[in-house]
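Right, I'll just put the structure down here and ask away after.
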Amino acid sequence: MLVDGIRAHRWWLVGAGIGLIALSLAPLFLMPFHVRVVQQILFSAGLAVAWTILGGFAGYWSFGNTAFIGLGAFAAGLLETNIAIDSPTLAFVLATLFGCAVCAAVAALLAYPILRLRGIYFAIAMLGVSQVLGELTNNIDAFKGSLGIILPKLAPAAMEPQVFYYYLFLVAAAGTLLVGFLVKVGRIGYGLLAIREDEDTARMLGVPTERYKIGMFVVSATLTGLLGIIYAHSLGYITSGSVYRTDFSLNMIVYSLLGGIGTLAGPILGSFLMVVLTQVVLGRLLDIHMFITGALLVAMVMLAPRGLLGFAENLVRRRGAGLRTVEP
Amino acid sequence: MNAAPAEPILRVVGVTKRFRGLVAVNDVTFDVPAGSICGLIGPNGAGKSSLFNLITGYYAPSAGEIRFDGRRIDGLDTYRIAQMGIARAFQIAKPFPELSVLDNVRIGALFGHAGARNVAAVTAAALELTGLASLADRPALGLTVGDLRRLELARAIAARPRLLAADEPCAGLNPTETEGVVDILRQIRAAGVTVLLVEHDMPAVMRVSDTIFVVDAGRKIAEGPPEQVARDPRVIAAYLGTPAEDAPAA
Ligand SMILES: Nc1ncnc2c1ncn2[C@@H]1O[C@H](COP(=O)(O)OP(=O)(O)OP(=O)(O)O)[C@@H](O)[C@H]1O
Ligand SMILES: [Mg+2]
């Protein structure tokens, strides 16, 4: 089944491969500012795709995925700054594995109670989880959330830091996309679709709904954590406020909605457009980012609930329908 | 037509389901022989759909046990029962609305009964059998009532069940469409699937069933071949609305 799915989507894979090659070469030609913009797009798209694996595919919208950015960042950072290993690279790798494992474990623990909640209740529960984790990190001294953690510098001397982090983000985003792809085109992708459409009927057809939901929540959390860990290192110094950020949680949703919910290209397209819009076009008007994001969200929900991809599909279909005879 | 003497594939033994004060299913016992078509009939609110909910694991019984193929299934999770080989077509059609007819059926084929499966072949066969092949690419959302009924059946049989529980597959259909569904049920049985059928269309259920169970107000009041059940005074009384106690003894 998975093999069939991959074969059916081989052009998609070819496209992604070409994109990956182009993005690998891009830093050679881009100015530093643009490297940072693309890096931001990679980070945002990675987050949106990770969110989509549960939110877009199964319809369980988390409003608090930044919980795993923060959790991953702090778990990794605390280990990394306390571990007695001489090689910073090795320490970083171990810390990253640890941070991802913490995210996976916390997601697995949370999954059982909160994935029984449906619709808006799950969304709110996740918002609550992210707030609670942020507060705990901020208020418990051992976590150093208010004081902050200084993370080791990882970029080799010969490389500009923004280029180094660009490649880390590229690897993480590509990995996230690959995981999303394998989930979507396989049997499990259909199971998630069934859950999104009607969970009770899905169970009636033999879809192991609990296992799938828990599994995808863990996968989504782990990938989000990985991206959070890289993000934290790219900042170099983090407090709870810099990684537990509600705007991160919301952006993942907005970008996915904008591009086309439930698809993989959608979150990428949405991230690209929004980052370019806010960073490049509105670069100097920092204060109105949130306003623009909010206004776009409202407009999208009202005008194109299936996102830009869905909107485009409708346009194509409507054209086609004009040629056809009367439909019953 | 008499039921062939066969091992029961489904045994419902003394099953009761209470909803707070209401007893929706009251100490019901029946056996469904493998390879048969059994009809489950009764007036509105008799407890037929509730029995289906119990058999498919949507509810756990308050008392009694349910055995499928000799194994107890009462209290098991719905999806486990589906994987063991019971599929259900709902009384109120529950398609996956935004998905195409093809994907609806494909999900049945991808999941359902555990074990080896040829998804493409099973999906195509189910669409063919139910006459939906030409609608494969339509979204389920805009289907007519008749097509939705057949989609329920297509998705259920794509799950390759050993027992199909069909809840009023002919509800809302005209006589021609009803005849089509009856024919589909016969073909499903011919393919080796046992069918448990709830249906209000009496002529249809009488024609197609080997055995009929009659429930009224949660209790089983009669069981037997269609011609015998049709003459049963308690059954006639239940349908005419006379209290069963007042009916003459059978
Ligand atoms: N979840 C529930 N909670 C409370 N009462 C219920 C529930 N489900 C069913 N009932 C009640 O149980 C009784 C049996 O209902 P059921 O749906 O099984 O009847 P039915 O035989 O399928 O009727 P119909 O022919 O109208 O489909 C009814 O009185 C109904 O109101
Ligand atoms: Mg009913």
Side-chain angles (χ1 to χ4, degrees), chain A residues 1-9 56-59 112 115-116 183-215 260-263 266 305-307 309-310 313-314 316-318 320-321 324 326-328, chain B residues 52-53 55-58 76-90 92-100 102-115 117-120 123 135 137-144 147 151-152 155-161 165 167:
Chain A
M1 171 62 208
L2 185 57
V3 178
D4 293 341
I6 292 172
R7 200 172 295 144
H9 292 83
F57 295 168
Y112 195 72
L115 280 171
R116 314 197 142 232
V183 167
K184 186 170 172 67
V185 303
R187 180 164 173 255
I188 191 168
Y190 278 96
L192 297 173
L193 210 53
I195 291 172
R196 187 190 79 189
E197 292 288 298
D198 185 337
E199 191 165 342
D200 290 327
T201 304
R203 272 169 60 213
M204 209 61 99
L205 285 170
V207 179
T209 53
E210 296 298 314
R211 222 168 56 214
Y212 277 12
K213 284 179 343 187
I214 294 173
I261 200 113
T263 66
R306 290 176 55 223
L309 290 179
E313 199 181 298
N314 279 354
V316 172
R317 218 182 259 165
R318 213 170 295 161
R324 248 182 270 144
V326 189
E327 293 273 50
Chain B
F52 272 22
N53 284 333
I55 293 166
T56 52
Y58 199 70
L76 279 188
D77 201 313
T78 306
Y79 86 92
R80 306 268 308 152
I81 293 175
Q83 291 180 348
M84 289 170 74
I86 299 183
R88 172 177 187 177
F90 287 100
I92 297 162
K94 291 187 176 178
F96 298 123
E98 305 222 336
L99 306 187
S100 66
L102 178 69
D103 279 344
N104 266 274
V105 178
R106 197 194 328 248
I107 287 172
L110 279 165
F111 294 90
H113 196 170
R117 48 169 78 77
N118 181 340
V119 174
T123 306
L135 301 178
D137 294 325
R138 290 279 187 87
L141 200 59
L143 294 186
T144 63
D147 292 337
L151 178 55
E152 278 292 319
R155 195 174 58 182
I157 56 170
R160 307 162 322 288
D167 199 347

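For clarity, every value in this text was computed on a predicted model and none was experimentally measured. The chains referred to below are lettered A, B, ... by the order of the sequence lines, with proteins before strands, and numbering in each begins at 1. Computation of the quantities below employed the complete heavy-atom set of this structure, encompassing side-chain atoms and omitting hydrogens, waters and symmetry-equivalent molecules.
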*Quick one: which of B:Ala82, B:Gly57, B:Pro161, B:Gly108 has the most heavy-atom pairs under 4.5 Å with chain A, could you say?*
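Looking at each option in turn, the highest pair count goes to B:Ala82.
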*Counting only heavy atoms closer than 4.5 Å, note whether B:Asp77 contacts chain A via side chain, backbone, both or neither.*
side chain
*Closest non-hydrogen atom pair between B:Phe96 and A:Asp198, with its separation*: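 That would be CE2-O, 3.6 Å.
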*Indicate yes or no: at least one non-hydrogen side-chain atom of B:Tyr79 is less than 4.5 angstrom from one of A:Thr209.*
no
*Residue part contacting chain A, namely of B:Leu99, when any heavy atom lies under 4.5 Å*: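 The answer is both parts of B:Leu99.
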*Between atom CG of B:Asn53 and atom CE of A:Met204, what is the distance when rounded to the nearest 0.5 Å?*
6.0 Å
_Atom of B:Arg155, atom of A:Leu205 and distance for their closest heavy-atom approach_ = CD-CD1, 3.6 Å
*For the student: nearest non-hydrogen atoms of B:Glu98 and A:Arg196, plus distance*: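 For B:Glu98 and A:Arg196, the tightest heavy-atom pair comes out as OE1-NH2, 4.4 Å.
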*Which atom names give the shortest non-hydrogen contact between B:Phe111 and A:Tyr212, and what distance separates them?*
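In terms of heavy atoms, the two residues are closest at CE2-OH, 3.3 Å.
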*Check: A:Arg187 side chain, B:Leu110 main-chain N or O, donor-acceptor pair, under 3.5 Å*: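 It does hold such a pair.
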